[in-house]
Trainee: 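I have a structure here, written as C-alpha cells, and I will follow up with some questions on it.
Chain naming here is simple, since letters A, B, ... match the order of the sequence lines and numbering starts at 1 in each.
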Amino acid sequence: MVPSFDLPPQYEPGEVERRWSQQWERARSFEARVNAPAQPYVIVMPPPNVTAVLHMGHGLTCVIQDVLIRCARMRGREALYLPGTDHAGIATQNVVERQLAEEGKTRFDLGRDAFVERVWAFVRQTGSTIIEQLKIIGCSCDWTRARFTLDAEYSRAVREVFVRLWEAGLIYRGHRVIHWCSRCRTALSDEEAEFEEETGQLYYIRYPVDGGSTLTVATTRPETMLGDTAVAVHPDDARYRGLVGKTVRLPIVGLAIPIIADRTVDPAFGTGAVKVTPAHDANDFEIGARHDLGTPLILTEEGRLGEPAGGAGRVPPDLRGLDRFAARERIVARLGEAGLLAKVEPHRHAVRHCYRCDTVVEPRLSDQWFVAMKPLAEPALAAEQDGVIRLVPDRWTSTYREWLTNIRDWNISRQLWWGHRIPVYTCGQGHTWAARETPRDCPNCGATEITQDPDVLDTWFSSWLWPFATLGWPSRTDDLARFYPGDTLVTAPDILFFWVTRMIMAGTYCFPTGPLQDRVPFHTVYLHGVVRDTAHRKMSKSLGNGIDPLVVVERFGADALRWTCVANTALGQDVILDPADLETTFAPGRNFANKLWNIGRFVLAQLPAAPDAVDSGALTLADRWILSRLQTTIREVTTSFEQFRLDEGAKRCYDFVWKELADWYVEAVKPRLGQGELERRSPEQDAARWVLARCFDAALRLLHPVVPFITEELWQRLPGRTPGALLAVAPWPEPDLSFEDPVAEGRFDRVRQAIEKIRALRADYRVPPNARLAATVVTRGSDDPSAFTGERETIQRLAHLGSLTFDGESRKLGAHATFGDGSEVFVALEGAIDLGQECGRLSTERARLDAQLTGLAAKLANPNFVARAPAEVVARERTKEREWQVQRDVLDAKLKALGCS
RNA sequence: GGGCGAAUAGCUCAGUUGGUUCAGAGCGCCUGCCUUACACGCAGGAAGUCGGGGGUUCGAAUCCCUCUUCGCCCACCA
C-alpha cells in the first residue's frame with residue numbers, strides 16, 4: 001500500500017470551494033495595490049443589474065474574465081478585476097412596480113419620493129445577491145472596490161459628464177417622435193427598442209376625396225388614423241397626380257386633410273398612398289415638417305386613445321380611453337361598417353418591442369433630451385482605425401464601424417423615477433441650465449423658485465462611464481492614475497452598442513488630452529459567444545431553458561462549471577449547453593477535477609521524500625520525456641491564453657495532465673518507486689519524485705486560472721509551502737529550455753507505441769488480462785536500441801508481460817511499428833493465442849493496404865507532385881510508402897503463419 | 001433589403017497561416033478489466049464521401065463561386 005494519507009478517493013468540492021473563497025478574501029489576494037511596482041492589468045466587470053440573479057450568461061462572461069485576470073496576476077501584473085452592479089433603471093423599477101402591483105398599488109399611489117425610497121430598500125436588501133454568487137463561482141474580483149452606478153460618488157461623475165456635454169452644446173432638447181413604451185411609460189433609445197419579426201395585418205382604408213372618388217391608403221396601425229394630417233403620394237406617381245392639392249375626409253373623424261406629394265413615399269408599397277400621422281411615426285413627422293402639417297397626439301402615455309391638446313375633435317368620445325389594440329379593432333370594425341375598409345392582408349414586418357418588458361413600442365412625439373453623438377463617435381472610430389482598440393474576433397470591427405458611422409443621436413431621458421435625475425433646472429423666468437450641484441437660485445436672473453427636470457437618465461448614461469467613474473473620476477484619484485486606462489473588456493456582443501462603443505466614446509470624451517491610447521478605456525475588446533441551449537436558443541428565464549449556475553455548483557462544483565464554460569468557448573463562438581442533461585454537460589469538468597485530485601493523492605504520497613534538486617544524469621527516458629512535454633505545454637497554454645483561445649489552453653492542460661502525466665508518466669514511474677517504501681532512496685527514485693513534483697506543481701499553476709479551487713487545495717498540500725503562500729498569486733511557470741528534449745520525446749514515443757502494440761495484440765487475440773505472456777521486442781534501425789532495453793520494466797508493467805526479451809533479427813507473428821527515421825519495432829507475443837478468427841480480418845486489411853499503396857504509388861509517379869511539392873512532403877510520402885510496404889510484409893507473414901491463403 | 005455566423009463521428013463541439021499532432025476531443029456505443037491515485041476509473045475498439053455542386057492547386061475540412069438549411073445583427077418601407 002502507498003503510505004496512508006488523509007485524502008478521500010473522491011474529490012468533494014463543496015467544502016473546499018467555500019474555504020478558499022473565504023481564504024482568498026481574508027488574504028486580500030485580489031485587492032489591487034496602488035503602490036505596487038508591477039504593471040497593472042485591469043478588467044472591469046460588466047456590472048450586472050442590481051436585481052439580477054446569477055445566470056449562465058453572467059457565469060460565462062465572468063469566468064472568461066476571471067481566467068484572464070488570474071493568468072495576468074500570476075504572470076506578475078498588478079491585476080484589478082473591478083466588480084459592481086448597475087441600478088438598471090427600467091428593469092429595477094419594473095421589479096418594484098410588480099411588487100407594488102401585488103399589493104394593489106401603483107408607483108403613483110406612493111408618490112415619487114416614497115417610491116424611490118422603496119426601490120432603495122429593495123436594492124439594499126437584495127443588491128448583494130449577485131455579488132455573493134460571483135464569489136461562489138470563484139471570481140477573483142477586488143470586492144473592496146465594488147461600485148454601484150447610483151453611489152454618491154458615481155452620481156457625481158454622471159452629473160459631471162452631463163454638464164460637460166451640456167456646456168459643449170452636445171445635449172439638446174429634441175421635439176421628435178421617439179420610441180415610447182406604454183407599459184413602462186417612458187421613452188426608449190433606438191437601441192432599447194428591439195426589432196422582432198412578426199406577421200401582422202396590412203389594412204387598406206378608403207379615404208373619401210372631397211368632390212367624389214376615394215383614395216385608398218395602406219397601414220399596419222389603423223388606429224393612428226385619428227392623428228392623420230395628410231395623405232401623401234409620390235410626386236411622380238401618375239395614378240394620383242390629379243389628386244395632389246385636393247383634400248380627403250378622414251373617416252370616423254370627418255376632418256378634411258390635404259393630399260400632398262412627397263418624394264419619400266414609395267409608389268410600389270401598398271397603394272402608393274400613405275396616411276401621414278406626424279405625431280406617431282418618425283417618417284411622417286419628417287413629412288409633416290416639410291409640409292407644415294400639425295402634430296396631433298392621439299395616443300396617451302398609457303397607450304390609450306386620447307383627444308389631443310387643443311381638442312380638434314379627432315377622437316370620438318366613445319373611443320377615448322380605449323387601449324390602442326382594442327381601438328384598432330373598434331376602428332377597423334367601424335370602417336368596415338362604413339364600407340371604407342377595402343381589404344386586409346397578412347403582412348410580415350419588424351415591430352419594435354421594449355427590451356425590458358417586450359411591450360410593442362409606440363412611436364410618439366415628445367420632448368426629450370438628446371446627446372449629439374457624431375462628435376463623440378469620431379474618436380471612437382479613429383481608435384479602431386489607428387489600432388488603439390482591437391476587437392476580438394476581428395469580424396466585429398465592420399459592425400463597430402458601421403454603427404459608429406451611421407450613429408444617431410441618443411435619447412437619454414427616461415420618464416422614470418429610479419435613476420439619476422437629469423440635472424437640468426428651470427426658473428420661473430424660463431431660464432434653463434444644467435448644474436453639477438443642486439442650485440439655490442437661477443444663475444441668470446437670481447430667481448429662487450426653480451424646478452428640476454422630472455425625468456431620469458438612461459441607465460446606459462451612467463454605465464458608459466464605468467471604466468473610470470468606478471475609479472473616482474472626476475476626482476484625480478490614485479486609482480484613476482494607476483488603473484486607467486484598463487486592458488481588456490470582455491462581454492457578449494449583445495451589448496456592443498449599448499455599452500462597449502459608448503464606453504469608448506465616454507473615455508475619449510472625458511479624457512480629452514493625450515494620445516488616444518491613454519484616453520480609450522481599454523485596448524482590447526473580446527466578444528465571446530452567447531450561452532444557448534441545444535436548439536441554439538438563447539438561454540433565458542422567459543424561455544425556461546436556463547441552467548442555474550448555483551445548482552451546477554451544488555452538484556458538480558464551481559470548478560466543473562468553470563471548466564465547462566471555458567472548454568466550450570471557442571474564440572467568439574456561441575456556447576451550447578444542454579439544460580436537460582446537466583450530467584453530460586458538466587460531468588467532464590467534475591471528472592477532470594477528480595482526476596487531478598487522484599493524481600494529487602498519488603504524487604503527495606511520494607513527495608515527502610522528494611529532493612529539492614536532482615542530478616540530470618539520473619533522469620530516465622520517461623523523466624526526460626515528461627519534462628520535455630511540460631515545457632511544450634507551458635508554451636502552448638501561455639500563448640493560447642494570450643490569444644483568448646481559452647478552450648485550447650484548457651484542453652492542452654487537460655491532455656498533459658491526463659493523457660501524458662497520469663496515463664504514461666505516473667504509470668511508468670510506479671515500478672521504480674516501488675510500493676510505499678519511502679525510506680528507500682535511489683538516484684532513480686529521487687529523480688522520479690523530483691520530476692513528479694515539478695510537473696504536478698507546474699500543471700496546477702497552469703490550470704489555476706480555469707479551476708482555481710481544486711488547484712489551490714492541492715497546491716497547498718505540496719511540501720515546502722511557506723505559510724500563507726497562495727497559488728492564486730504564485731508565479732506562472734516559465735518554459736525551461738534545458739528540459740526541451742525532442743530526442744527523448746521520440747524515443748519514449750517508441751516505447752509507448754511498443755506497449756500499445758502489445759496491448760492491442762492482447763485484446764485482438766483475447767489474451768486473458770492476467771496471462772503474463774512473454775514478448776520479444778525486435779528493434780531494427782533504431783539509433784539506440786537501449787532506449788527499449790532501458791525501459792524493460794516500464795514495458796513489462798504497462799503491457800502486463802511476464803517476461804520481455806529483445807531481439808535484433810527474428811521476425812515472428814506480432815505487432816509492428818515503424819518510425820519516421822526508418823527504425824522499427826516488432827513485437828512478438830509468445831504464448832498460446834487463438835488465431836482462428838483472424839484470417840478474414842487480416843485479408844481485408846491486406847486488401848485495403850494494397851489499394852492504398854496503389855494510390856500512393858500513382859501519386860509518387862506523378863512528375864508534377866515530385867517537382868512541385870516541397871521536398872520534405874515528397875520524402876514523407878516515400879517514407880509512408882515504405883512503411884506501408886513493410887506493413888504489407890508483416891500482414892503477409894501473419895497470414896502465412898495462420899495458414900491463410 | 002444589407003451584413004455576419006454556423007453546417008465535421010449517434011450527440012455537443014475543436015480544427016489559427018492550404019502539406020508530418022488532418023480527419024480530432026468529450027459524451028454515448030461495443031469488448032475486456034475493481035491492475036498497489038482515481039469505476040467521476042483503466043485498456044482495447046467501432047464509428048465521419050468534413051451540408052450539396054462546381055472551381056483554383058501537384059495537394060482543399062481549410063481558398064474562390066454557387067445552392068440548401070438553421071441562427072444572429074442592422075435597416076424609417078407605411
Trainee: Could you state the CD-P distance from A:Glu636 to B:rG15, rounded to the nearest angstrom?
Mentor: 15 Å

Trainee: So that I know where these two stand, are A:His347 and A:Tyr204 an aromatic pair - ring centroids less than 6.0 Å apart?
Mentor: no

Trainee: Does the plane of the ring in A:Phe498 sit parallel, tilted or perpendicular to the ring in A:Tyr355? Use 30° and 60° as the thresholds.
Mentor: parallel

Trainee: Could you measure the distance from the CZ atom of A:Arg672 to the CZ atom of A:Arg689? Nearest 0.5 Å is fine.
Mentor: 10.0 Å

Trainee: Indicate, with a heavy-atom threshold strictly under 4.0 Å, whether A:Asp284 touches base, sugar-phosphate, or nothing.
Mentor: nothing

Trainee: Tell me, with the steps shown, if A:Asp749 and A:Arg752 meet salt bridge (Lys or Arg N to Asp or Glu O under 4.0 Å).
Mentor: CA-CA 5 Å; A:Asp749 279 343; A:Arg752 281 166 65 179; 3.4 Å; yes

Trainee: Report yes or no: does A:Asn598 contribute a side-chain atom to a donor-acceptor pair with the main-chain N or O of A:Asn594 at less than 3.5 Å?
Mentor: yes

Trainee: Report each atom pair, protein N/O against N/O of nucleotides 23-28 of chain B, whose distance is under 3.5 angstrom.
Mentor:
from	atom 1	to	atom 2	distance (Å)
B:rG26	OP1	A:Lys659	NZ	3.4

Trainee: Using atom C1' of each nucleotide, how far apart are B:rU49 and B:rU36 to the nearest Å?
Mentor: 48 Å

Trainee: B:rA78, B:rA37, B:rG44: which one has an atom nearest the side-chain heavy atoms of A:Phe602?
Mentor: B:rA37

Trainee: Kindly assign one of parallel, tilted or perpendicular to the pair A:Tyr526 and A:His528, based on the angle between their ring planes and the thresholds 30° and 60°.
Mentor: perpendicular

Trainee: Exactly one of A:Thr584, A:Asp533, A:Leu60, A:Ile547 should register a side-chain contact (heavy atoms from CB on, under 4.5 Å) with A:Leu577. Which one does?
Mentor: A:Ile547

Trainee: With side chain to side chain contact (heavy atoms under 4.5 Å, CB included) as the test, would you mind laying out the steps for A:Leu596 and A:Leu700 before giving the verdict?
Mentor: CA-CA 9 Å; A:Leu596 262 182; A:Leu700 290 177; 4.3 Å; yes

Trainee: Report which part of the nucleic acid A:Arg221 touches: base, sugar-phosphate, or nothing (heavy-atom distance under 4.0 Å, all strands).
Mentor: nothing

Trainee: Between B:rA37, B:rC40, B:rA43, which nucleotide has the shortest distance from any of its atoms to the side chain of A:Asn594?
Mentor: B:rC40

Trainee: Answer yes or no: does a side-chain N or O of A:Arg759 lie under 4.0 Å from OP1 or OP2 of B:rG44?
Mentor: yes

Trainee: For the residue pair A:His234 and A:Asp266, confirm or rule out a side-chain donor-acceptor distance under 3.5 Å.
Mentor: no

Trainee: Given B:rU16, B:rG5, B:rC40, which nucleotide is nearest the side-chain atoms of A:Gln573?
Mentor: B:rG5

Trainee: Looking across every strand, which nucleic acid part, if any, lies under 4.0 Å from A:Val276 by heavy atom: base, sugar-phosphate, or nothing?
Mentor: nothing

Trainee: Is there a side chain to side chain donor-acceptor pair (under 3.5 Å) between A:Lys275 and A:Thr224? Walk through the geometry before answering.
Mentor: CA-CA 9 Å; A:Lys275 58 192 273 308; A:Thr224 62; 2.6 Å; yes

Trainee: Any side-chain N or O of A:Arg601 below 4.0 angstrom from OP1/OP2 of B:rC38?
Mentor: yes

Trainee: For A:Phe592 and A:Ala570, take the nucleotide of RNA chain B holding the closest heavy atom to each; which residue's nucleotide lies nearer the 5' end?
Mentor: A:Ala570

Trainee: Taking A:Tyr665's backbone N and O only, do any of them form a donor-acceptor pair with A:Trp625's side chain (distance below 3.5 Å, no angle check)?
Mentor: no

Trainee: Atom CD1 of A:Ile710 to atom C1' of B:rC38: distance rounded to whole Å?
Mentor: 11 Å

Trainee: Kindly point out which of B:rA78, B:rU16, B:rA37 is positioned nearest to the side chain of A:Arg645?
Mentor: B:rU16

Trainee: With rounding to whole Å, what would you report as the distance between B:rU62 and B:rU20 at their P atoms?
Mentor: 15 Å

Trainee: Assess, by modelled atom type and distance only, whether the side chains of A:Arg206 and A:Thr216 contain a donor and an acceptor separated by less than 3.5 Å.
Mentor: no

Trainee: Please work out if A:Ala662 contacts a base, only the sugar-phosphate, or nothing of the nucleic acid, heavy-atom cut-off 4.0 Å.
Mentor: base

Trainee: So, is A:His347 near the phosphate of B:rC77, with a side-chain N or O under 4.0 Å from OP1 or OP2?
Mentor: no

Trainee: Using only heavy-atom distances, decide whether a donor-acceptor pair under 3.5 angstrom links the side-chain of A:Gln10 to the base of B:rA37.
Mentor: no

Trainee: Strictly distance-based, threshold 3.5 Å: is any side-chain N or O of A:Thr639 a donor or acceptor partner for the main-chain N or O of A:Glu636?
Mentor: yes

Trainee: Is A:Arg652 side chain donor-acceptor paired with the B:rU21 base, going by distance under 3.5 Å alone?
Mentor: no

Trainee: Which residue, A:Asp647 or A:Arg395, contacts RNA chain B at a nucleotide closer to its 5' end, judged by nearest heavy atom?
Mentor: A:Arg395

Trainee: Have a look at A:Glu648 and say if it touches a base, only the backbone sugar-phosphate, or nothing, with a 4.0 Å heavy-atom cut-off.
Mentor: base

Trainee: Anything below 3.5 Å on both distances counts as a pair; with that, list the stems of at least three consecutive Watson-Crick or G-U pairs involving RNA chain B.
Mentor: B:1-7 with B:68-74, B:10-13 with B:24-27, B:29-33 with B:41-45, B:51-55 with B:63-67

Trainee: Output one letter per nucleotide in nucleotides 71-76 of chain B: B when a protein non-hydrogen atom lies under 4.0 Å from the base, S when only the sugar-phosphate is that close, - when neither is.
Mentor: -S-SBB

Trainee: Strictly below 4.0 Å: does A:Lys595 bring a side-chain N or O up to OP1 or OP2 of B:rC42?
Mentor: yes

